[in-house]
Amino acid sequence: MDEKQRYRGPIRGRRAAAAAATAAVVALTAGCTAQASGAGAPGGTRPGAAVSAPPDGAAAGPADKPVSAPTAAPTGSAEQSPGAAANASPAATRPASPSGAGPTTRPPAPRVFLARGAEGDPVRELQARLRQIGHFTRTPTGHYGSVTAAAVTSFQGKRALPRTGTTDTVTWDRLLGMTRKPTRAELHPTTADPVAAPDPRCLTGRVLCVSKTSRTLSWMIDGRVVSAMDVRFGSQYTPTREGTFEVYWKSRHHVSTLYDSPMPYALFFSGGQAVHYSSDFAARGYGGASHGCVNVRDEGKIASLFGQVRNGDKVVIHW
């Protein structure tokens with residue numbers, strides 16, 4: 001054997017050993033990758049076996065040690081694993097609402113269908129229903145003014161509703177549940193107070209008989225009451241005159257030249273004093289006063305009276 005042959009065997013042996021060592025490193029590396037699932041016994045996956053995908057949030061472990069399941073952390077906790085955070089969807093990473101039902105939206109505000117300035121039968125019904133449970137102490141007028149707004153506010157406050165003074169769908173539904181349908185007499189009462197017995201001067205002829213005691217006006221013909229209505233008078237500084245008078249002028253669309261205020265359906269009986277409709281009386285009730293006139297708060301009644309009264313008819317104002 002020559003020198004080349006003598007050393008060829010050991011060289012081949014060393015090469016084989018190096019190749020075997022390289023193969024072992026590759027096998028070990030492959031074993032770590034396959035073992036990333038954390039499943040199976042220590043020592044790796046047997047050749048040809050299926051490798052299951054790692055569960056969400058499971059960390060890869062060394063090939064020579066079993067991987068235990070991660071301890072669950074509360075939603076949004078800082079203890080979540082990096083893998084879980086990376087795999088989570090955008091919806092899962094948003095902060096949950098206090099109720100746990102996701103982001104919340106503010107419900108739409110209830111619809112308002114009656115407020116200051118409104119007039120008509122719906123307002124009368126509102127007032128009559130409020131009166132049934134003690135929040136409106138006056139005769140329904142069909143006019144939504146400050147008195148009605150205060151009554152609605154009072155009702156809302158007692159029911160833990162927003163105190164707006166306007167009648168929205170929630171307020172109206174709550175009121176309907178606590179009251180009954182008003183009768184015609186409740187919606188259109190003759191007067192707030194009983195009509196006083198007529199003064200003897202009112203028992204003959206055509207007379208506007210006005211009582212300061214009962215705050216009523218009775219339209220009488222030959223001792224019979226044709227219609228009656230609520231009235232208010234002047235203050236102590238501008239008192240309504242008492243006595244017997246006659247209607248001397250009718251003015252359907254009158255406006256006061258002294259106070260620049262409307263005086264519709266005016267029936268003048270003494271100087272600048274007249275019986276007429278007052279929107280202020282309809283809105284504020286007896287909380288206000290006239291400048292000496294006899295105010296009527298029911299527009300329908302004074303409109304009918306205006307059509308019946310003639311110049312020369314008697315006016316009697318008494319206690």
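For this chain, numbers begin at 1 and follow the sequence in order.
For the atom pair CZ (Arg297) and CZ (Arg284), the distance works out to 13.0 Å, reported to the nearest 0.5 Å. The OG atom of Ser261 sits 7.0 Å away from the NE2 atom of His276 when rounded to the nearest 0.5 Å. Here Phe113 contributes atom CZ and Thr167 contributes atom OG1; the two are 6.0 Å apart, rounded to the nearest 0.5 Å. Here the CD-OG distance, from Glu299 to Ser304, works out to 12.5 Å after rounding to the nearest 0.5 Å. Note that the SG atom of Cys293 and the CZ atom of Phe281 stand 13.0 Å from one another [nearest 0.5 Å]. Atom CG of Leu176 is separated from atom OG1 of Thr171 by 11.0 Å, given to the nearest 0.5 angstrom.
Side-chain contact, Thr148 with Gln127: a donor N or O sits under 3.5 Å from an acceptor N or O.
Taking 4.5 Å as the limit, every side-chain heavy atom of Lys301 sits out of range of all side-chain heavy atoms of Asp230. You'll find the side chain of Arg131 reaches within 4.5 Å of the side chain of Thr139, heavy atoms only. Using a 4.5 Å heavy-atom cutoff, the side chains of Arg206 and Arg310 are in contact. Considering only heavy atoms from C-beta on, Pro264 stays 4.5 Å or farther from His253 through its side chain. Contact of the Phe155 side chain with the Ile133 side chain is registered, since non-hydrogen atoms from C-beta on lie closer than 4.5 Å.
In this structure a side-chain-to-backbone donor-acceptor pair under 3.5 Å is present from Thr141 to His143. Judged by distance alone, with hydrogens and angles left aside, the side-chain atoms of Thr179 form no donor-acceptor pair with the main-chain N or O of Leu130 at under 3.5 Å. A distance-only check finds a donor-acceptor pair linking the side chain of Arg232 to the backbone of Gly285 [under 3.5 Å]. Proximity of a side-chain donor or acceptor of Glu125 to a complementary backbone N or O of Pro122 within less than 3.5 Å is not detected. With hydrogens and angles disregarded, a donor-acceptor distance shorter than 3.5 Å links the side chain of Gln273 to the backbone of Pro239. The backbone N or O of Pro140 lies less than 3.5 Å from a partner atom in the side chain of Arg124, making a donor-acceptor pair. For Thr240 (side chain) and Gly292 (main-chain N/O), a donor-acceptor pair under 3.5 Å exists by modelled atom type. At least one donor-acceptor pair under 3.5 Å links the side chain of Arg241 to the backbone N or O of Ser270. Side chain of Thr153 to backbone of Ala149: a donor-acceptor contact under 3.5 angstrom is found.
By the 4.0 Å N-to-carboxylate-O rule, Asp313 lies too far from Lys250 to be salt-bridged with it.
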Side chain to side chain contact (heavy atoms under 4.5 Å, CB included) assessment of Ser146 paired with Arg116: CA-CA 7 Å; Ser146 58; Arg116 289 196 187 200; 4.1 Å; yes
Take Lys212 and Glu242, measure what salt bridge (charged side-chain N to carboxylate O under 4.0 Å, His left out) needs, and give me the verdict at the end. CA-CA 9 Å; Lys212 285 188 171 183; Glu242 299 160 19; 3.1 Å; yes
Test log, rule side chain to side chain contact (heavy atoms under 4.5 Å, CB included), inputs Val152 and Thr166: CA-CA 7 Å; Val152 172; Thr166 58; over 6 Å; no
Please test Arg111 against Trp172 for side chain to side chain contact (heavy atoms under 4.5 Å, CB included), starting from the C-alpha separation and ending with a verdict. CA-CA 10 Å; Arg111 181 176 63 88; Trp172 181 248; over 6 Å; no
Give the intermediate values and the outcome of side chain to side chain contact (heavy atoms under 4.5 Å, CB included) for residues His254 and Trp249. CA-CA 11 Å; His254 193 79; Trp249 181 33; 3.6 Å; yes
Criterion side-chain hydrogen bond (donor to acceptor under 3.5 Å, both in side chains) on Arg201 and Thr244, from CA distance to verdict: CA-CA 8 Å; Arg201 294 169 290 178; Thr244 302; 3.2 Å; yes
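Across every non-hydrogen atom of Ala128 and Leu187, the tightest pair is CB-CD2, 3.9 Å. Taking every heavy atom of both residues into account, Met263 and Ser256 meet most closely at SD-CB, 3.6 Å. Here the shortest heavy-atom pairing between Ser218 and Val195 reads OG-CG1, 3.2 Å. Across every non-hydrogen atom of Thr238 and Ser290, the tightest pair is OG1-O, 3.2 Å. Across every non-hydrogen atom of Asp193 and Thr216, the tightest pair is O-CG2, 3.9 Å. Scanning all heavy atoms of the two residues, the minimum distance from Phe268 to Ser251 falls at CE1-CB, 4.3 Å.
Under the disulfide (SG to SG under 2.5 Å) criterion, Cys209 pairs with Cys202, sequence neighbours left out.
Membership of the apolar cluster around Val296 extends to Leu208, Val210, Leu217, Trp219, Ile221, Val226, Met229, Val231, Phe233, Phe245, Val247, Tyr265, Leu267, Phe269, Val275, Tyr277, Val294, Ile302, Leu305, Phe306, Val309, Val315, Ile317, as traced through chained side-chain contacts below 4.5 Å between ILVMFWY residues.
More than 12 heavy atoms of other shown residues, nucleotides or ligands fall within 6.0 angstrom of atom CZ in Arg252. Heavy atoms from other residues, nucleotides or ligands lying under 6.0 Å from CG of Asp173 number more than 12.
The hydrophobic clustering, which links ILVMFWY residues whose side-chain heavy atoms are closer than 4.5 Å, places Phe136 and Tyr144 together.
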